[in-house]
There are 2 protein chains.
Amino acid sequence: MIDIAIGIDIGGTNTVFSGITSDGECLVSGVIPTQTKDRFEDFIDDLILNIKQIVDSSNDELNIIGVGIGAPNGNYRTGTIDKAANLRWKGKLELVRLVEERLKVPVKLTNDANAAALGERMFGGAKDMSDFMVITLGTGLGSGIVVNGDLLYGHDGFAGEVGHIIMRPGGRECGCGRRGCLETYVSATGVKRSAYKMLAKHMGESSLRNIPYHGLTAKMVADAANEGDLLAMEIFAYTGKMLGEALANVAAVTSPKAIFFFGGLAKAGDLLFEPIREALEKNILFLYKDKISLLPSELGDDAAVLGASALIWNDKLN
Amino acid sequence: MIDIAIGIDIGGTNTVFSGITSDGECLVSGVIPTQTKDRFEDFIDDLILNIKQIVDSSNDELNIIGVGIGAPNGNYRTGTIDKAANLRWKGKLELVRLVEERLKVPVKLTNDANAAALGERMFGGAKDMSDFMVITLGTGLGSGIVVNGDLLYGHDGFAGEVGHIIMRPGGRECGCGRRGCLETYVSATGVKRSAYKMLAKHMGESSLRNIPYHGLTAKMVADAANEGDLLAMEIFAYTGKMLGEALANVAAVTSPKAIFFFGGLAKAGDLLFEPIREALEKNILFLYKDKISLLPSELGDDAAVLGASALIWNDKLN
């Protein structure tokens with residue numbers, strides 16, 4: 001009998017799940033589409049059915065000790081998903097209750113960036129750290145913050161929205177309804193917007209001038225920069241500078257030992273890390289100077305489910 | 001026999017100490033000048049002697065269970081004062097070790113804002129709160145942040161420097177060597193600087209035009225504002241707006257249930273609170289809207305020593 005925690009990552013398109021050991025080994029995995037059911041309860045039934053099937057199909061005898069779930073806007077304190085812009089079901093979704101009723105094991109929920117932080121601590125590069133931060137760089141910018149060895153949830157479970165720090169009052173429109181939020185500059189979408197800003201500002205030739213806005217991706221900008229496209233390089237310099245400035249301010253609140261970067265945009269590597277580091281050290285209070293490590297996440301492609309399962313393993317092992 | 005914790009507040013001018021019960025009652029108190037001795041060790045000897053005298057002089061039989069110390073730049077993790085700009089002794093001051101050697105009881109040190117936060121939790125308005133923040137508004141702006149029921153120290157003991165969040169890149173010179181830090185705008189000194197900015201910007205008459213910079217105090221500006229001086233009112237509106245904007249960003253990191261205000265400038269009351277509240281709600285992410293209480297500290301004049309003693313009582317009672 002092998003104990004496993006089920007890690008579930010609910011995304012806008014697919015929901016991925018794995019049975020994960022206390023060492024972070026994925027023994028079984030599966031995936032279902034997230035949004036084909038009209039009723040949220042039907043989605044949950046479909047998910048549970050699929051989880052039971054993969055667990056039963058294993059050659060090992062597996063014992064589910066709990067279920068950890070990472071989902072956008074997932075609230076640890078209430079066990080619900082509140083106002084998730086990228087899901088078809090509206091209102092408060094009683095995710096934890098519904099899964100607990102069906103599987104009769106402890107179920108925990110948090111947002112995807114918090115799950116990534118917990119995963120980094122249990123299975124990645126933050127194993128010995130009690131104060132660090134994970135920045136997820138995808139369509140938006142998420143953050144999971146660990147302090148005193150625990151995730152920082154805040155009084156309502158919604159702490160750690162670093163992507164919504166206002167960096168430029170009156171600046172770019174944000175999906176949250178305000179302007180100038182960090183993620184409007186630093187995210188895959190932010191890079192696209194900065195690309196168009198730079199194309200407007202400068203006269204120089206660039207391969208990006210041939211791509212329409214809706215055809216452009218952050219990866220194209222990274223590729224162009226790596227090929228020496230000066231405009232593309234400036235876009236990353238601008239993006240990294242903005243993030244470094246923001247992190248210098250966040251450091252004055254939480255003083256982390258390290259900041260891990262995760263997600264598609266983080267794959268740009270030094271193109272992004274160099275200007276982040278430069279702006280961070282330039283803008284940071286002397287107390288924190290040269291103390292904060294900027295590191296890529298050590299979790300691989302299974303990061304999301306690993307992090308979700310860590311919600312269970314972290315409680316079990318501590 | 002009554003158990004007491006000694007609370008010590010080391011200020012630039014005076015060092016105040018009290019023997020405090022677990023209920024927050026100050027049974028004995030004393031004060032000595034901070035900076036009359038050439039050697040730091042001699043100051044400590046003087047302090048210990050005075051503490052022993054007031055404890056012995058009490059009609060009750062008092063038992064010292066520990067010593068809590070609040071001091072600018074006091075580091076909880078190392079037990080030292082590092083680079084305190086307002087003290088005559090340079091380098092790392094081994095405060096905790098020196099006091100422990102002499103009194104043979106547990107000694108804990110933190111900075112004054114952290115002590116204030118702990119005091120608010122044990123003896124003030126934050127008794128039932130596990131996630132809140134205290135902003136101290138004096139010569140500078142300090143912050144003590146409690147999350148998950150514990151002080152947020154960060155990996156190096158230096159977390160919670162909200163006063164050094166950069167609000168205006170390239171803005172006002174700060175004592176930390178950078179520019180545009182929050183405390184250059186929001187503090188007693190910041191109010192003075194804003195007074196001169198407004199006097200330069202506007203043409204209107206104001207009683208403040210008769211006071212030289214070095215003669216001006218934040219209290220004079222508050223008094224003028226309360227008497228209807230339009231320029232003075234605008235100074236407070238500007239100060240509160242800047243703080244509200246900053247707190248909206250900090251909320252995106254820590255999501256506090258309440259923010260307490262403490263210190264001389266906080267006595268300006270609604271003159272300051274109203275614009276803070278307005279700017280906070282205007283700039284905050286929808287997730288946190290109308291959730292954060294802005295409150296005056298419930299600790300009175302003994303706040304600093306109460307907070308320092310809470311370093312001991314908090315450990316003892318939890």
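Here the structure is a predicted model, which means the values were calculated and not measured. Sequence lines set the chain letters: A, B, ... in the order given, protein chains first and strands last, and positions in each chain run from 1.
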Would you mind checking which part of [X] comes under 4.5 Å of any heavy atom in chain A, side chain (CB onward), backbone (N, CA, C, O), both or neither?
X	result
B:Ile292	neither
B:Ile145	side chain
B:Leu151	backbone

Just so I understand: if I count every heavy-atom pair under 4.5 Å between each of B:Val147, B:Leu287, B:Val162 and chain A, which residue has the most?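 Most heavy-atom pairs within the cutoff with chain A belong to B:Leu287.
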Look at B:Gly177, B:Gly160, B:Gly157 and state which one has the largest set of heavy-atom pairs under 4.5 Å with chain A.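 The answer is B:Gly160.
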Quick one: what part of A:Ile284 sits under 4.5 Å from any heavy atom of chain B, side chain, backbone, both or neither?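 Backbone only.
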Ring pair (Phe, Tyr, Trp, His ring centres under 6.0 Å) partners of B:Phe158, counting only residues at least two apart: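 B:Phe158: no ring pair (Phe, Tyr, Trp, His ring centres under 6.0 Å) contacts found.
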Check chain A against chain B and list any donor-acceptor pairs under 3.5 Å.
residue	atom	partner	partner atom	Å
A:Asn148	ND2	B:Leu151	O	3.0
A:Leu151	O	B:Asn148	ND2	3.0
A:His155	N	B:Ser255	O	2.9
A:Asp156	OD1	B:Ser255	OG	2.6
A:Asp156	OD2	B:Ser255	OG	3.3
A:Asp156	OD2	B:Lys291	NZ	2.8
A:Phe158	O	B:Tyr288	OH	2.7
A:Gly160	N	B:Ala252	O	3.3
A:Gly160	N	B:Val253	O	3.0
A:Glu161	N	B:Ala252	O	2.6
A:Ile166	N	B:Asn249	OD1	2.8
A:Ile166	O	B:Asn249	ND2	3.2
A:Arg178	NH1	B:Asn283	O	2.4
A:Asn249	OD1	B:Ile166	N	2.8
A:Asn249	ND2	B:Ile166	O	3.2
A:Ala252	O	B:Gly160	N	3.3
A:Ala252	O	B:Glu161	N	2.6
A:Val253	O	B:Gly160	N	3.0
A:Ser255	O	B:His155	N	2.9
A:Ser255	OG	B:Asp156	OD1	2.6
A:Ser255	OG	B:Asp156	OD2	3.3
A:Asn283	O	B:Arg178	NH1	2.4
A:Tyr288	OH	B:Phe158	O	2.7
A:Lys291	NZ	B:Asp156	OD2	2.8

Ignoring hydrogens, what is the shortest heavy-atom contact between A:Val253 and B:Ala159? Give both atom names and the distance.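 Smallest interatomic distance, heavy atoms only, reads O-CB, 3.4 Å.
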